[in-house]
Number of protein chains: 2
Amino acid sequence: MSDDNLMTIRQMCDAYEATPRTLRFYEAKELLFPIRQGTKRLYTRRDRARLKLILRGKRFGFSLEEIRQLLDLYDLGDQQATQLAKTYELATQRLSDMVNQREELDEAIEELKQQLEWGEKRLAELHASSAAE
Amino acid sequence: MSDDNLMTIRQMCDAYEATPRTLRFYEAKELLFPIRQGTKRLYTRRDRARLKLILRGKRFGFSLEEIRQLLDLYDLGDQQATQLAKTYELATQRLSDMVNQREELDEAIEELKQQLEWGEKRLAELHASSAAE
DNA sequence: TCATCGCTTGACGTGAACGTAAGTTAAACG
DNA sequence: CGTTTAACTTACGTTCACGTCAAGCGATGA
């Protein structure tokens with residue numbers, strides 16, 4: 001009853017567009033903890049959830065070490081009270097970081113849109129002048 | 001009349017929390033083009049605008065090479081028509097990347113908020129049980 | 001039984017983005 | 001005129017995040 005929903009390294013790689021090397025690397029960095037059947041790795045639902053978060057974190061520009069700390073937030077089992085409080089504080093900090101990043105991203109999107117409008121005009125001009133000639 | 005509003009490398013570093021090495025590195029990578037007074041670098045308003053975009057791009061997880069291409073969007077002088085069109089296309093692509101990233105960021109923020117609520121409950125429980133004892 | 005396939009563990013290599021140390025030069029100051 | 005001071009060049013070093021062999025192990029199929 002526990003055998004299903006486990007994945008081999010290759011299945012993982014195919015599912016998440018990663019390489020075996022990458023998954024082993026993340027394991028060495030203690031980001032993933034697949035179980036072992038003999039020598040082979042088997043990835044659980046938990047590993048898949050973590051991997052999703054890892055890849056997402058990377059797209060946001062976080063380092064693997066930062067991501068490792070963030071991961072603890074998403075699966076705080078039964079930690080010590082002090083540890084839980086620390087984790088909680090770090091989470092609120094990260095949350096505010098992300099909100100800031102979202103504001104900046106909105107700005108950037110808006111600016112880029114304006115540049116695109118400008119570029120459209122220029123392109124239209126160039127097209128008009130070449131047609132006139 | 002052109003002397004003001006130019007900055008030395010140190011002023012730039014102080015203003016943008018960068019190191020001289022970093023600014024020279026960006027120059028070597030053709031991201032910045034300070035003018036030279038003898039051997040020394042003088043950074044213009046244009047350089048400052050570009051540096052802001054560089055630092056922002058890094059926070060979004062772009063590589064310097066990607067950023068270099070994006071920078072051309074923000075100051076497309078009079079380019080060739082074909083080049084302008086290429087640049088334009090790349091910009092729309094990047095824009096859609098950023099919009100996607102924004103959606104993901106929203107998700108991430110929402111999930112993290114929920115985790116925080118969960119953490120609050122746990123903390124409250126722990127506090128209650130320790131007070132009862 | 002033998003060969004192939006998939007996974008494994010080292011171990012060294014690589015590109016990006018700088019850091020750092022050594023030595024040089026130009027301007028400014030006492 | 002000597003000496004700090006600040007910026008410069010050159011070049012090698014470092015960290016991160018993997019890539020890329022090389023060699024071995026375990027199941028599976030002919």
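Just so we're on the same page: letters track the sequence lines, and every chain starts at 1. Heavy-atom basis, side chains included; hydrogens, waters and symmetry copies ignored.
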(request) Taking heavy atoms of chain B and a 4.0 Å limit, find me the 5'-most and 3'-most nucleotide of DNA chain D within that range. (result) D/dA7 to D/dT9
(request) Have a look at A/R10 and say if it touches a base, only the backbone sugar-phosphate, or nothing, with a 4.0 Å heavy-atom cut-off. (result) sugar-phosphate
(message) Reading DNA chain C from 5' onward, which residue's closest nucleotide shows up sooner: B/L64 or A/R24?
(response) A/R24
(request) Could you grab the distance from atom CD of B/E17 to atom OG1 of B/T22, nearest 0.5 Å is fine? (result) 12.0 Å
(request) Tell me, please, the opening and closing nucleotides of DNA chain C, 5' to 3', among those with an atom under 4.0 angstrom from a non-hydrogen atom of chain B. (result) C/dA17 to C/dT20
(message) Under the criterion salt bridge (charged side-chain N to carboxylate O under 4.0 Å, His left out), I'd like the reasoning laid out for A/K52 against B/E111: C-alpha separation, chi angles, the key distance, then a yes or no.
(response) CA-CA 13 Å; A/K52 272 190 206 172; B/E111 288 180 25; over 6 Å; no
(request) Answer yes or no: is there a side-chain heavy-atom contact under 4.5 Å between B/K113 and A/M98? (result) no
(message) Need one value for B/K29: base, sugar-phosphate or nothing, where a base atom within 4.0 Å counts as base even if backbone is also close, heavy atoms only.
(response) nothing
(request) Could you say whether A/T19 or B/R21 is positioned toward the 5' end of DNA chain D, judged by the nucleotide with the nearest heavy atom to each? (result) B/R21
(message) If only side-chain N and O atoms count, and only distance matters, is there a donor-acceptor pair under 3.5 Å linking A/Q93 with A/D97?
(response) yes
(request) Indicate yes or no for a side-chain donor-acceptor contact from B/N5 to the backbone of B/T44 under 3.5 Å, with no hydrogens or angles considered. (result) no
(message) Heavy-atom nearest nucleotide on DNA chain C for B/K58 versus B/T39: which residue maps closer to 5'?
(response) B/K58
(message) Rounded to the nearest 0.5 Å, what separates atom CD in B/E65 from atom CG in B/L70?
(response) 10.5 Å
(request) Verify salt bridge (charged side-chain N to carboxylate O under 4.0 Å, His left out) between A/D106 and A/R102, making sure each step is shown before the conclusion. (result) CA-CA 6 Å; A/D106 281 344; A/R102 182 169 63 184; 5.4 Å; no
(request) Find the distance between CD (A/Q115) and CG (B/D72) and round it off to the nearest 0.5 Å. (result) 11.5 Å
